[in-house]
Amino acid sequence: MTDQRDSYTPPDALDELVGQLLDIGGVLSQIVERMVQFDASGRSAPDAVPVPEMAHTLIRDVVDDLRKAYSKRDLRVAAQIVEQTTEAICNNLFFVGPELN
């Protein structure tokens, strides 16, 4: 029997980034989905801002303390990393539905 502790290798920085992106992707999709459902239900105020704008505002409000914890440069680098990662995912991962399989 192999001792699994011997074969464990801690995730590298890229693994950590991917893990965090997967975590945030799930959370953000749930938030936006609920906002879209509420808007589609007709219960939104007639003058309500569009869902993407409201999502941006809400998320910006809850992460505002990051400005105190990180420099502007750190935040810009993080944004660039997420942007480049998103671009790589969009350009290189393709969904094949069961009807095409």
Side-chain angles (χ1 to χ4, degrees):
M1 179 185 236
T2 304
D3 186 354
Q4 295 221 352
R5 287 179 289 175
D6 292 339
S7 64
Y8 174 75
T9 53
D12 68 10
L14 199 53
D15 288 328
E16 291 179 32
L17 173 64
V18 170
Q20 291 302 315
L21 288 171
L22 289 169
D23 287 348
I24 191 77
V27 170
L28 291 176
S29 68
Q30 290 175 19
I31 291 168
V32 171
E33 179 183 7
R34 295 288 170 92
M35 293 173 80
V36 168
Q37 287 174 349
F38 186 82
D39 189 50
S41 75
R43 294 183 286 168
S44 292
D47 59 344
V49 299
V51 169
E53 185 179 334
M54 179 53 65
H56 180 97
T57 299
L58 291 172
I59 293 165
R60 165 73 193 236
D61 287 348
V62 299
V63 301
D64 192 59
D65 285 348
L66 292 175
R67 292 185 314 156
K68 297 173 189 167
Y70 298 95
S71 69
K72 287 180 185 178
R73 182 184 182 286
D74 288 344
L75 293 173
R76 286 191 174 113
V77 168
Q80 287 176 329
I81 291 169
V82 171
E83 178 183 28
Q84 290 173 7
T85 304
T86 302
E87 186 176 314
I89 291 168
C90 291
N91 290 335
N92 297 297
L93 285 181
F94 304 95
F95 174 76
V96 178
E99 69 280 357
L100 299 175
N101 209 353

- Message: Around atom OH of Tyr70, are there more than 12 heavy atoms from other residues, nucleotides or ligands closer than 6.0 Å?
- Response: no
- Query: With hydrophobic residues grouped by side-chain heavy-atom distances under 4.5 Å, do Val82 and Leu14 end up in a single group?
  - Reply: yes
- Message: So, applying side chain to side chain contact (heavy atoms under 4.5 Å, CB included) with Gln20, which one of Ile24, Val18, Leu17, Asp23 is it?
- Response: Asp23
- Message: To the closest 0.5 Å, what do you measure between CG (Leu58) and CD (Glu53)?
- Response: 11.0 Å
- Message: Which residue in the set Asn92, Thr85, Asn91 passes side chain to side chain contact (heavy atoms under 4.5 Å, CB included) when paired with Ile89?
- Response: Thr85
- Cluster question for you: counting only ILVMFWY and a side-chain heavy-atom cut-off of under 4.5 Å, with indirect links fine, are Val27 and Val36 together? yes
- Once you round to the nearest 0.5 Å, how far does NE2 of His56 lie from CG of Asp61? 9.0 Å
- Message: Could you see if Met54 belongs to whatever hydrophobic cluster contains Leu28? Use Ile, Leu, Val, Met, Phe, Trp, Tyr and a side-chain cutoff under 4.5 Å.
- Response: no
- Query: Taking everything shown except Glu87 itself, do over 12 heavy atoms lie less than 6.0 Å from its CD?
  - Reply: no
- Separation between NZ of Lys72 and CG of Leu75, rounded to the nearest 0.5 Å: 10.0 Å
- Item | Arg73 and Val77: CA distance, side-chain angles, deciding distance, side-chain contact (heavy atoms from CB on, under 4.5 Å) verdict | CA-CA 6 Å; Arg73 182 184 182 286; Val77 168; 3.9 Å; yes
